[in-house]
Amino acid sequence: MVVQRTPHDSGELTDDETDRLFHALAAATRRDILRRTIEAEQSVSALAAAYDMSFAAVQKHVAVLEAAHLIVKRAEGRERLVRADPTMIARARALLSRYEDLWRSRIDRLDALLAEPEH
């Protein structure tokens with residue numbers, strides 16, 4: 001049985017949000033789309049023109065990023081404009097920072113154990 005955490009006031013991600021985040025960042029194309037939309041808002045059409053894949057395939061990548069809340073999509077006329085969501089990027093960074101802190105504390109404990117004199 002998997003226990004689902006609820007988000008805390010600190011902005012902690014739920015297990016489902018974390019799964020969507022890592023799934024979204026698992027593909028190089030999605031990471032590149034995120035990078036492009038951090039730099040500037042882009043239309044889905046402009047994004048599709050940058051890749052050697054179908055428009056529908058790029059739309060699917062955008063949908064995965066949107067489901068992970070890494071990007072926000074809005075309509076302007078017939079265009080769909082996409083921009084990165086800095087709030088979710090900050091929450092993702094905070095999650096990775098917590099993982100780093102856990103790892104560093106393990107290393108610190110190991111260093112302390114190794115530094116103890118032998119009896």
Discussion item. Is the positively charged end of Arg36 above the ring of Tyr51, judged by distance under 6.0 angstrom from the centroid and angle within 45° of the axis?
Written reply: yes
Worksheet entry | Smallest separation among heavy atoms of Ala24 and Arg30, with atom names | O-NE, 3.0 Å
Worksheet item: Is there a donor-acceptor contact under 3.5 Å linking the side chains of Gln42 and Thr37?
Response: no
Worksheet item: Quick one: do Ile71 and Leu25 end up in the same hydrophobic cluster if we chain Ile, Leu, Val, Met, Phe, Trp and Tyr together by side-chain heavy atoms under 4.5 Å apart?
Response: yes
Item to complete: Using atom types as modelled and distance alone, determine if a side-chain donor or acceptor of Arg83 lies under 3.5 Å from a backbone N or O of Val72.
Response: no
Worksheet item: Heavy atoms, side chains only, cut-off 4.5 Å: are Leu47 and Phe55 in contact?
Response: no
Discussion item. Grouping I, L, V, M, F, W and Y whenever their side-chain heavy atoms are under 4.5 Å apart, do Val58 and Val64 come out in a common cluster?
Written reply: no
Worksheet item: Any donor-acceptor pair under 3.5 Å linking the side chain of Arg80 with the backbone of Val44?
Response: no
Worksheet item: Just how far is it from atom OG of Ser97 to atom CG of Asp101, taken to the nearest 0.5 Å?
Response: 4.5 Å
Worksheet entry | N-O pairing of Arg98 and Glu100 below 4.0 Å | no
Fill in: Derivation and outcome, side-chain contact (heavy atoms from CB on, under 4.5 Å), residues Ile38 and Ile89
CA-CA 10 Å; Ile38 287 171; Ile89 293 169; 3.9 Å; yes
Worksheet entry | Atom CZ of Arg93: over 12 foreign heavy atoms under 6.0 Å | no
Practice prompt. Any chance you could measure Gln59, atom CD, to Glu66, atom CD, to the nearest 0.5 Å?
Written response: 11.0 Å
Worksheet item: Applying the 4.5 Å side-chain criterion to the ILVMFWY set and letting contacts propagate, would Leu81 and Ile33 be lumped into a single cluster?
Response: no
Practice prompt. Enter the distance from Ser45:OG to Arg78:CZ here, rounded to the nearest 0.5 Å.
Written response: 9.5 Å
Fill in: Pairwise distance CG(Leu34) to CG(Asp85) - rounded to 0.5 angstrom
10.0 Å
Fill in: Atom pair CG/CE of Leu65 and Met88 - distance to nearest 0.5 Å
11.5 Å
Discussion item. Quick check: do His61 and Met53 have side-chain heavy atoms less than 4.5 Å from each other?
Written reply: yes
Discussion item. If you apply the rule salt bridge (Lys or Arg N to Asp or Glu O under 4.0 Å), what do you find for Arg91 with Glu12, and how did you get there?
Written reply: CA-CA 7 Å; Arg91 291 176 73 196; Glu12 185 176 325; over 6 Å; no
Discussion item. Could you measure the distance from the CG atom of Leu13 to the OG1 atom of Thr18? Nearest 0.5 Å is fine.
Written reply: 4.5 Å
